[in-house]
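Below you'll find the structure, written out as structure tokens, and then a few comments.
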Amino acid sequence: MADIFCALRMGIVFCWGNDVRNQFDSTDFYVAPGWPGRVFLSLFYCNWMALCCNLLNLNFGCPIGNRGYSAANGWFRMREDKNSVEVFDKSFSIDEEISQLTKLRTEPTENLRKTTYPRQKLPIPIVRMLSGREAMGRFTVADCSHAVGRYLPVNGPWCIDSMDSRAYVSQFSDDGSLLIAGFQGSNIRVYDVENQWKVRKNIIAKSLHWTITDTSLSPNKRLLAYASMSATVHIVDVGSATTESHANVTEIHDGLDFSAVGDEHAFGIFSVKFSSDGRELIAGSSYDSIHIYDLEANRLKSRFEAHLYDVNTVTFADETGNVIYSGGDDSICKVWDRRCSNSDSKAAGALSGHIEGITYIDSRGDGRYFISNGKDQTIKFFKRKGSYWDYRNMAYPSKAKNLKHPRDQSIATYRGHAVLCTLIRCHFSPAHNTGQKYIYTGSHDGCVYIYEVITGAQVAKLDLRGSTVRDCSWHPYYPILVSSSWDCIVARWEFPGTDAKPILTKKRKLRRAYIDVSMFGKKDKISIIELVAIDEESN
């Protein structure tokens, strides 16, 4: 009955709105005398009051207020501001299995729903979820994702650091306590997230060629591997007490040679990753190869040709380390299963879908699904089963934007961002606080794009008003997102952010700039989110 009443109320508003539409002036808002106009105005205010209550997560028994609001599942789809926007692709479709898996991770459990809305399938306001927890005990991971996942980090940006060279890498540690940022000018900085983003370690890289192409933090957060356009990957101890780590001056940066015996050509490393046990490093190179380095034996374990052209990205499919995903400039995503082949050089599968080279692959962590960013300006969502232009200095051909690979094996495609000039990266949103219901990516137009997995909707566009955003990272527990861009800035986005007005200027005179603000803004604004996050960590 509540839903019927709500629909009738909205219908009356729209119908009577046509009767009095001509009675509105373009400059002065008024309603002409008469009972239709008065009723219209009262219903108009009634609906907006309900919406305001909904935005504040208040529940007064109103059907609209009970629905909850977010940029992803908002009932009012017409809302749009500078950072929250919804763009739907009518042709979008996705595999039913991944749709159900995502819903299981992001929808409240039956026990929680029984204590709140036992008869209605509606989003549950956080206030009611917290009251329901008193009766049912701790939140599950799905309950926490349902609560915190609606708060996208769209407020900002606030400057974390400003350098005099392009930022290429920005990644949180697995527990979110550290942030790693790599710059073209030989600098790698490790920030202490829980201590107002202060620099814990400033690393001056050794034997840098062109730029820091990638970094990887070991599972125990003790060692950091960094790569550039050379065959040597360096290891530095980030757990030491030394703040200034100058290669082989204040600290030793061990060099790991990824070239094999007989390699005749010089090459660079585009991507490097630690295994989950910290015993191996895998890398993708411009030698069209995948390299596997045994850290315990301190030697190159294997090198094999993986793609026809540069291998731009490699990653492990899950924590076992048995399966590897790779992508290259031959526009093919390949799957390598180290258990079922005597030779690493034989791929277990090849997945097509992109019509241009692949810049980055991120695994969902379950060994079955992964996403890839491509130079054809799309993100492809894959399920594990198979005209030339230069993206560095040319715009993507407009005629090719709607082209589709004749044997496209992806289960979904996400469009809207721009992949030009560099190997721009895409990622799944964190499992702990969003249930991986979003996909986010940097873009050549200076923005960070956030897409909803199930619908393909572009739910947020974070505009830095600057240069190319190559990498970005979502905090694993809080609604905080950090981006690194070519205008030399590492910036953060939050929900709800602070009261300070974020200001970013393109021209900077200072080499370094720190903003001494609280990490999460005012306590009263995020107390509910903190309670949910703390409850999640206690599990």
Side chains of [X] and [Y]: closer than 4.5 Å at any heavy-atom pair?
X: E97; Y: I411; result: no
X: L420; Y: T468; result: no
X: W197; Y: D192; result: no
X: S443; Y: K461; result: no
X: S145; Y: R105; result: no
X: Y440; Y: L462; result: no
X: C333; Y: I358; result: yes
X: W486; Y: Y168; result: yes

task = Please assess E319 against S276 for the test side chain to side chain donor-acceptor pair (under 3.5 Å), listing each intermediate value before the final yes or no.
result = CA-CA 5 Å; E319 294 183 352; S276 60; 5.9 Å; no
message = For D337, is there an ion pair with R384 - N to carboxylate O distance below 4.0 angstrom?
response =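 Salt bridge: yes.
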key: Salt-bridge contact D214-K273 (side-chain N to carboxylate O under 4.0 Å)   =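 Yes, D214 and K273 are salt-bridged.
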request  = Step by step, work out the side chain to side chain donor-acceptor pair (under 3.5 Å) result for S228 and H234.
outcome  = CA-CA 9 Å; S228 66; H234 290 89; over 6 Å; no
ask   = Side chain of D174, backbone of P219: donor and acceptor closer than 3.5 Å?
value =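 Side chain of D174 to backbone of P219, a donor-acceptor pair under 3.5 Å: no, none is there.
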request  = Could you tell me whether a side-chain N or O of Q458 sits under 3.5 Å from a main-chain N or O of I450, the two making a donor and an acceptor?
outcome  =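 Answer holds: no.
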Among V453, D95, T413, side chain to side chain contact (heavy atoms under 4.5 Å, CB included) partner for F381 =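 When V453, D95, T413 are each tested with F381, the side chain to side chain contact (heavy atoms under 4.5 Å, CB included) holds only for V453.
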[X] atom [atom1], over 12 foreign heavy atoms within 6.0 Å:
X: N322; atom1: CG; result: yes
X: Q100; atom1: CD; result: yes
X: R279; atom1: CZ; result: no

Y414 and Y451 aromatic ring geometry - parallel, tilted or perpendicular at 30°/60° bounds =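 If you compare the ring of Y451 with that of Y414, the planes turn out tilted.
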request  = Report the relative orientation of the aromatic rings in H354 and F382; use parallel for angles under 30°, tilted for 30 to 60°, perpendicular for over 60°.
outcome  =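 Ring orientation, 0 to 90° scale: tilted.
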message = What verdict does the side chain to side chain contact (heavy atoms under 4.5 Å, CB included) test give for Y226 and V169, after you've listed the backbone C-alpha separation in whole Å, the side-chain angles of each residue and the deciding distance to 0.1 Å?
response = CA-CA 10 Å; Y226 63 86; V169 178; over 6 Å; no
Give me the atom names and distance for the closest heavy-atom approach of [X] to [Y].
X: L208; Y: G185; value: CD2-C, 4.4 Å
X: H475; Y: G176; value: NE2-O, 2.9 Å
X: T359; Y: K375; value: CG2-CG, 3.8 Å

inquiry  = Which residue in the set H417, H427, R425 passes side chain to side chain donor-acceptor pair (under 3.5 Å) when paired with N373?
reply    =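 Looking at H417, H427, R425, the match for N373 under the side chain to side chain donor-acceptor pair (under 3.5 Å) is H417.
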query = Is there a donor-acceptor contact under 3.5 Å linking the side chains of E494 and N155?
reply =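 No, no side-chain donor-acceptor pair sits under 3.5 Å.
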